[in-house]
Amino acid sequence: MKNNPFGDIKKKNNNISKSDFIESAKVDGNTDTSSFEKNERRGSSYIDKETGKRVKLSGKILQVPVNGYELNIIEEGAKKMGLPLGSYLRTLGIENVNKDR
């Protein structure tokens, strides 16, 4: 048995500057919402098929903890609207903000 159970995990050699790393790690780093594209691809990043490089997006992937009762209600609402859970929650959030504008 190995002495180090994590010995087979290799470190990534990222040559990123300290300030770039700090800026990329900020949750609230960009407060100017005018720079966000409404129809931008969803998520935090994707791999460009042509170049093979990871493209960083302004979005996030969220995990929302819910209990069984809440999940049943949310699933019922999503089913009534014919949407997957993620799309249903996103739609409700955007509609709620836009109705007050």
Side-chain angles (χ1 to χ4, degrees):
M1 184 171 216
K2 294 181 181 179
N3 291 337
N4 181 357
F6 303 109
D8 58 340
I9 298 175
K10 295 180 181 177
K11 291 183 180 180
K12 292 181 181 177
N13 189 9
N14 290 337
N15 293 330
I16 186 170
S17 73
K18 187 176 179 180
S19 61
D20 287 342
F21 174 77
I22 292 169
E23 286 301 313
S24 71
K26 288 182 180 178
V27 174
D28 57 350
N30 190 353
T31 56
D32 179 16
T33 59
S34 65
S35 66
F36 295 138
E37 173 61 38
K38 180 179 178 181
N39 296 318
E40 180 185 52
R41 189 178 186 138
R42 293 187 181 105
S44 60
S45 65
Y46 73 96
I47 306 278
D48 186 341
K49 291 180 181 177
E50 292 179 14
T51 63
K53 293 184 178 181
R54 181 172 299 278
V55 177
K56 191 152 175 72
L57 301 171
S58 61
K60 278 188 149 184
I61 297 172
L62 303 175
Q63 291 183 343
V64 181
V66 295
N67 62 32
Y69 174 77
E70 295 166 334
L71 180 60
N72 285 335
I73 291 173
I74 294 169
E75 285 178 330
E76 185 179 320
K79 188 175 180 180
K80 284 181 183 178
M81 288 184 73
L83 295 171
L85 285 175
S87 297
Y88 176 69
L89 293 173
R90 184 175 46 252
T91 301
L92 287 178
I94 291 170
E95 284 178 354
N96 190 33
V97 169
N98 286 338
K99 75 178 182 182
D100 294 333
R101 285 187 177 173

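Throughout, numbering of the chain's residues begins at 1 and tracks the sequence. The figures here come from the full heavy-atom set of this structure, side chains too, leaving out hydrogens, waters and symmetry mates. It should be emphasised that the depicted structure is a prediction, and the values quoted were computed from it without experimental measurement.
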Are any of the side-chain nitrogens in Lys99 or Glu95 under 4.0 Å away from the carboxylate oxygens of its partner?
no

Should Val66 and Ile73 count as side-chain neighbours, where that means a heavy-atom distance under 4.5 Å?
no

Which heavy-atom pair separates Tyr88 from Ile74 by the least distance, and what is that distance?
CE2-O, 3.6 Å

Shortest non-hydrogen contact from Leu85 to Ala78?
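Shortest heavy-atom contact: CD2-CB, 4.1 Å.
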
Joint cluster assignment, Leu83 & Val64, ILVMFWY side-chain distance < 4.5 Å:
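Linked, Leu83 and Val64 end up in one cluster.
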
Between Lys79 and Glu75, does a salt bridge (Lys or Arg N to Asp or Glu O under 4.0 Å) hold up when you go through it step by step?
CA-CA 6 Å; Lys79 188 175 180 180; Glu75 285 178 330; over 6 Å; no

Just how far is it from atom NZ of Lys53 to atom CG of Asp48, taken to the nearest 0.5 Å?
9.5 Å

Would you say the side-chain atoms of Thr91 pair up with the backbone N or O of Ser87, donor to acceptor, closer than 3.5 Å?
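Yes.
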
